[in-house]
Amino acid sequence: MLNFKEMAVPQSASAVFSAYASFATTMMLVRSITSELLPPKIISFFHSIFFYFFGSVSFQVKIIIEENCGFSPNQIFQAAEVYLRTKISPSTDTLKAHKTPRQKKITLSIDKGQEIVDHFDNIRLQWRFVCSHDEQNGGGNKEKRHFELVFPKKFRDRVVESYLPYVLKRAKEIKEEDKVVKIFSQECQYDEDGGSGNWGSINLDHPSTFETLAMDPDLKQSIIDDLDRFVNRREFYKKVGKAWKRGYLLYGPPGTGKSSLIAAMANYLKFDIYDLDLSYIYSNGDLRRVLLSTTNRSIVVIEDIDCSVEIQNRENEEQYDQSNGKFTLSGMLNFIDGLWSSCGDERIIIFTTNHKERLDPALLRPGRMDVHINMSYCTPHGFRVLVSNYLGEEADKHQLCREIEELIGEMEVSPAEIAEALMKNDDADVVLQRLVEFLKCKREEQRKKEEETAASEKNEGEEGEEEEEEEEEPTRKRHKRGVRLRIGRGRGRGRGRGPGLM
Ligand SMILES: Nc1ncnc2c1ncn2[C@@H]1O[C@H](COP(=O)(O)OP(=O)(O)OP(=O)(O)O)[C@@H](O)[C@H]1O
Ligand SMILES: [Mg+2]
């Protein structure tokens, strides 16, 4: 019988390699031609003969990356699938195209048998996607999929220690870029991804971003910085032994952009939103189950916390705790501080309210809600943002804008009211003229109301009871505190006026 190994032994090592290299190249060529023509079993038979004779002197190494490691998915396989989509060359013959209703864009991926060449640190890496029937598990229609990664043997350590981690990292980034942010709610029954039982979801198609939000620019920037710091602080939170979570309280009058800010935060971080409706929660156990079924890198939102039914103030809570494990405020706060913190990473919780003063102080103490954000009535700067959003970038130069800014500076009008007025017509002249009229009307109403209130306060004062004056004191203190929270350009004319971040 012919012994190829003996035949192929030349005089020097370099001659061995060059003979092998040219043979290997020829084999590669033959393989790529025959892979289209011959059945896989015959190809793998030739492969095994080739590797039997030449495997021992091979200067290439092949890493097999299977789809699953036992019952768990293989993260390297998943990452390679995502990463290689960005490496498809124009010469690739067969591609697969897919798009689920959730996805915004069509994605292309390589088909079985296709190869992709990648370069990393001057290393040439050849990927091949292989599908075969799963013989071990009864064959049938079940496919067994793996990637083969071939590269020069001398780079093995660099590939394992640097290249594969790089592929994992890039895949994570690519997934983040393509991620469609979802909003989960207990009300929504439908979930395309199967859901987790407690939550249904739809895509968050809220167009709000930090660019479109009309709010104080310093406050806006400080929120962005805060979010950036939070997501980059994995190691910090670990080091100080704190749960990696952050609580925000957004407060302010209706229509000032609290919900829009939540959407902007979710769009910015690409975090899903869980809209937690407390009226669906009947006990602390319910709350535990619902919160435990939320995922990492998400925002749990509890809107209008002051109006949420069944949340009892702390005076009543013990009574409630004992009655059939009913849902209590203390249960919720303990949950935020404890269990949820210890089992989730990168969690944000946001409460919103129109009446911060009505909230239980337990919810406001430091450590519970890390950041308090005052969403204020519209400011002249906010108006300029809205005008360019709704009427185009040049519209803020319109002659009526100055008058409108002055009016806005003298009164309380929400960004929602301005936004609604700006949508009423496409013609800037018409829209801005009507807005001026609307603002003048509203200012008049506000003036009348203020006069009426002042008159009735004066009457009460004349009836003159010292006790009543004492009662008013906390209200004034509250207003002052509102001013203290304000940063940036808020001018502070009473509650809700002027943005703030604490
Ligand atoms: N600050 C803002 N910047 C840009 N648009 C805003 C802003 N505030 C309100 N709007 C517009 O008004 C609409 C309603 O605002 P949003 O729902 O965010 O207010 P809210 O503060 O959550 O009100 P509520 O207290 O009633 O829940 C938004 O969809 C948006 O079009
Ligand atoms: Mg809202």
Side-chain angles (χ1 to χ4, degrees), residues 17 20-70 72-96 107-137 139 142-171 174:
F17 285 118
Y20 174 73
S22 52
F23 188 76
T25 317
T26 317
M27 283 304 288
M28 293 268 226
L29 253 171
V30 170
R31 194 180 67 173
S32 59
I33 295 165
T34 52
S35 64
E36 293 299 317
L37 304 172
L38 298 176
K41 280 200 173 156
I42 296 181
I43 294 170
S44 75
F45 172 71
F46 281 120
H47 275 185
S48 49
I49 291 181
F50 175 75
F51 280 107
Y52 174 77
F53 291 117
F54 295 101
S56 57
V57 290
S58 171
F59 60 90
Q60 297 277 74
V61 65
K62 182 196 282 183
I63 295 183
I64 307 280
I65 299 163
E66 291 185 323
E67 189 171 10
N68 296 306
C69 324
S72 308
N74 182 354
Q75 289 185 335
I76 308 176
F77 180 92
Q78 291 177 326
E81 259 191 325
V82 174
Y83 172 75
L84 292 176
R85 281 181 210 150
T86 64
K87 298 285 164 186
I88 294 172
S89 87
S91 61
T92 308
D93 303 326
T94 317
L95 293 170
K96 286 193 290 190
T107 46
L108 293 176
S109 59
I110 52 169
D111 197 11
K112 52 186 158 192
Q114 296 286 306
E115 286 179 359
I116 281 186
V117 174
D118 189 21
H119 292 92
F120 177 81
D121 267 358
N122 294 327
I123 307 171
R124 185 179 188 276
L125 300 118
Q126 189 160 6
W127 289 87
R128 188 175 153 81
F129 182 43
V130 182
C131 291
S132 56
H133 286 293
D134 190 353
E135 304 291 348
Q136 275 180 354
N137 295 320
K142 206 160 184 302
E143 266 188 338
K144 208 173 166 196
R145 309 183 312 156
H146 69 263
F147 283 105
E148 291 173 1
L149 175 60
V150 178
F151 53 90
K153 212 175 222 170
K154 62 180 175 180
F155 297 128
R156 200 181 72 180
D157 288 348
R158 259 163 72 191
V159 168
V160 174
E161 281 156 27
S162 304
Y163 179 65
L164 290 180
Y166 167 77
V167 171
L168 285 163
K169 183 170 151 275
R170 273 298 297 139
I174 296 162

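How far CG of L125 is from CZ of F151: 7.0 Å, rounded to the nearest 0.5 Å. Rounded to the nearest 0.5 Å, atoms CG (L108) and OG1 (T92) are 10.0 Å apart. Taking CG from D93 and CD from E115, the interatomic distance works out to 10.5 Å, rounded to the nearest 0.5 Å. Atom NZ of K154 and atom CG of D157 lie 13.5 Å apart (nearest 0.5 Å). Here the CD1-NE2 distance, from I63 to H146, works out to 12.5 Å after rounding to the nearest 0.5 Å.
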Please assess V159 against L149 for the test side chain to side chain contact (heavy atoms under 4.5 Å, CB included), listing each intermediate value before the final yes or no. CA-CA 10 Å; V159 168; L149 175 60; 4.1 Å; yes

Show your reasoning for whether side chain to side chain contact (heavy atoms under 4.5 Å, CB included) applies to L84 and F147. CA-CA 11 Å; L84 292 176; F147 283 105; 3.6 Å; yes

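When side chains are defined from C-beta on, V150 does not count as touching V61, because their heavy atoms never get closer than 4.5 Å.
The side chain to side chain contact (heavy atoms under 4.5 Å, CB included) check on T107 picks up R85, H98, Q103, with sequence neighbours excluded. Under the rule for a side-chain hydrogen bond (donor to acceptor under 3.5 Å, both in side chains), the partners of S91 that lie at least two apart in sequence or sit in another chain are S89. Under the side-chain hydrogen bond (donor to acceptor under 3.5 Å, both in side chains) criterion, K112 pairs with E143, not counting sequence neighbours. Applying the side chain to side chain contact (heavy atoms under 4.5 Å, CB included) test to T94 and every residue at least two apart in sequence or in another chain returns D111, Q114. Among residues two or more places apart in sequence or in another chain, the ring-ring contact (aromatic ring centres under 6.0 Å, His included) test is passed with Y163 by F120.
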Name the atoms and distances for all side-chain donor-acceptor pairs under 3.5 Å in residues 74-83, with sequence neighbours left out.
from: N74; atom 1: OD1; to: I76; atom 2: N; distance (Å): 3.0
from: N74; atom 1: ND2; to: E66; atom 2: O; distance (Å): 2.7
from: E81; atom 1: OE2; to: R145; atom 2: NH2; distance (Å): 3.2
from: Y83; atom 1: OH; to: D118; atom 2: OD2; distance (Å): 2.6

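Between the side chain of R158 and the backbone N or O of D121 there is at least one donor-acceptor pair closer than 3.5 Å.
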